[in-house]
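Here's the structure we're looking at; comments come further down.
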Amino acid sequence: MSLAAEFDTWQNDYTAKILRWVPHYRKLINSLADELPAGFQPSRILDLGCGNGNATALLVERFPEAKITLLDASPEMLEACKQRFNNRPDFEYVQAYFQDAHFDEGSFDLIVAAFALHHLDQTEKQAIFKKMSSWLNIGGILSSSDLHASKKESDYQQRVLDPWETFAKSQGTLNSEWDELMAHHAQYDKPDNYEDQFAWLAQAGFKHSRIAWQAAHFGNFQAQR
Ligand SMILES: C[S@@+](CC[C@H](N)C(=O)[O-])C[C@H]1O[C@@H](n2cnc3c(N)ncnc32)[C@H](O)[C@@H]1O
């Protein structure tokens, strides 16, 4: 199944599921804006991999004057956003894979990516970092909340998956649902650690990258152009 079709099937009860599945989900969404430098006021924002709009809702609240572009490969997710935000005329909706997306240079002051970049492999991350660097103004910021650990690490099972399973099951995730999530994780998730991503961000032209908030391997990083 394509990634877009996979997320189409998740659209219906996405927020309830993600709250059961991802430790600190609300905090990680809020950190997209909370951890920005004081006084940073973006007027043009891209929500990359918007899903059903949980990060977008935060952006609307924090930056009510900003023009927001919502991009996702899943038509069902974009449709959910259109309904949630009453088809706001100042929003732009783009149905595309990150790999195919194009915007003019300097189109945005802020790009947020919430649980989105881990769907790209290493080569694709390096390519999108270069594209995002060109899409941002000088001084613009990429704020990404995600899982930051590499599946290649030898202790991935013990350090990442075991505590994750404990969390998910403590929130009511059934064994069958955990198995479904792990099948998704095996097929669609390609997380990388901070160190590699910060090196690729520097190569892409970002001047400063930092971990802004983290709890174990889930965290928010910010990179400034
Ligand atoms: C895990 S969800 C996160 C949604 C939302 N940002 C949130 O934090 O709740 C990932 C979203 O990114 C989209 N996505 C993942 N990889 C993508 C890609 N390569 N191109 C376009 N959209 C992608 C999926 O369709 C899905 O809606």
Side-chain angles (χ1 to χ4, degrees), residues 1-35 45-62 68-85 91-103 110-132 135 142-148 164 168 171 173 177 180-192 197 213 217-221:
M1 190 188 293
S2 71
L3 181 135
E6 168 84 349
F7 277 100
D8 278 348
T9 68
W10 282 24
Q11 183 276 321
N12 218 7
D13 52 355
Y14 174 77
T15 301
K17 274 183 166 170
I18 205 89
L19 283 167
R20 279 201 300 278
W21 290 348
V22 174
H24 313 287
Y25 177 73
R26 290 275 183 225
K27 173 71 190 169
L28 284 157
I29 291 293
N30 287 339
S31 69
L32 293 162
D34 285 349
E35 302 300 333
I45 305 176
L46 171 63
D47 185 350
L48 188 89
C50 57
N52 69 344
N54 290 335
T56 319
L58 169 87
L59 298 168
V60 168
E61 183 194 305
R62 300 295 172 85
I68 302 180
T69 300
L70 298 85
L71 185 147
D72 206 289
S74 157
E76 294 288 335
M77 287 292 196
L78 283 175
E79 189 52 41
C81 288
K82 286 180 185 163
Q83 288 181 21
R84 182 170 182 173
F85 302 109
F91 278 18
E92 183 189 12
Y93 294 92
V94 180
Q95 189 198 328
Y97 278 99
F98 306 153
Q99 296 88 329
D100 304 325
H102 291 288
F103 296 100
L110 173 67
I111 300 175
V112 302
F115 304 98
L117 295 173
H118 73 262
H119 293 295
L120 300 178
D121 67 22
Q122 298 197 346
T123 307
E124 291 169 330
K125 280 195 192 79
Q126 291 172 64
I128 194 82
F129 287 168
K130 283 194 185 125
K131 287 214 250 180
M132 289 195 288
W135 298 342
L142 163 64
S143 179
S144 172
S145 289
D146 216 323
L147 167 61
H148 299 292
W164 188 2
Q171 302 303 305
T173 300
E177 200 184 33
E180 183 198 328
L181 177 59
M182 285 300 100
H184 170 94
H185 187 60
Q187 186 171 354
Y188 298 102
D189 294 352
K190 299 148 192 167
D192 283 294
Q197 292 182 91
W213 186 87
H217 36 269
F218 288 94
N220 171 266
F221 77 66

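Counting starts at 1 for both ligands and their atoms, in listed order.
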Under 4.0 Å from ligand 1, counting heavy atoms only, is it the side chain of [X], its backbone, both or neither?
{"X": "Ala96", "value": "backbone"}
{"X": "Cys50", "value": "backbone"}
{"X": "Leu3", "value": "side chain"}
{"X": "Gln99", "value": "side chain"}

Query raised in the report: Does any donor atom in the side chain of Asn220 or Ser144 lie under 3.5 Å from an acceptor atom in the other side chain?
Result: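 Side-chain D/A pair, Asn220 to Ser144: absent.
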**Report entry** Under 3.5 Å side-chain donor-acceptor pair for Gln95 and Asp72
**Finding:**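 Asp72 and Gln95 do not have a side-chain donor-acceptor pair below 3.5 Å.
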Check: [X] side chain, [Y] main-chain N or O, donor-acceptor pair, under 3.5 Å:
{"X": "Gln126", "Y": "Gln122", "value": "yes"}
{"X": "Trp164", "Y": "Trp21", "value": "yes"}
{"X": "Ser74", "Y": "Met77", "value": "yes"}
{"X": "Lys130", "Y": "Lys125", "value": "no"}

Requested in this report: Closest by any non-hydrogen atom to atom 3 (C) of ligand 1: pick that one out of Tyr14, Trp10, Phe7, Tyr25.
Outcome: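 The nearest heavy atom belongs to Tyr14.
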Report task. Could you check which of Trp21, Phe115, Phe98 puts a non-hydrogen atom nearest to atom 17 (C) of ligand 1? Result ->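 Minimum heavy-atom distance to atom 17 (C) of ligand 1 goes to Phe98.
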Should you measure from each heavy atom of [X], which atoms of ligand 1 turn up under 4.0 Å away?
{"X": "Ser74", "value": "25 (O)"}
{"X": "Met77", "value": "27 (O)"}
{"X": "Gly51", "value": "4 (C), 27 (O)"}
{"X": "Leu120", "value": "19 (N)"}

N/O to N/O below 3.5 Å, does that happen between [X] and ligand 1?
{"X": "His118", "value": "no"}
{"X": "Ile29", "value": "no"}
{"X": "Gly49", "value": "yes"}
{"X": "Asp72", "value": "yes"}

Query raised in the report: Between Tyr188 and His184, what is the ring plane arrangement, given parallel below 30°, perpendicular above 60°, and tilted in between?
Result: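 Rings of Tyr188 and His184: tilted, as their planes differ by 30° to 60°.
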Query raised in the report: According to the interplanar angle, ranging from 0 to 90°, do the rings of Phe218 and Phe115 count as parallel (below 30°), tilted (30 to 60°) or perpendicular (above 60°)?
Result: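 Rings of Phe218 and Phe115: tilted, 30 to 60°.
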Query raised in the report: Salt bridge or not for Lys17 and Glu177, using N-O below 4.0 Å?
Result: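 Here Lys17 does not pair with Glu177 in a salt bridge, since their nearest N and O are not under 4.0 Å apart.
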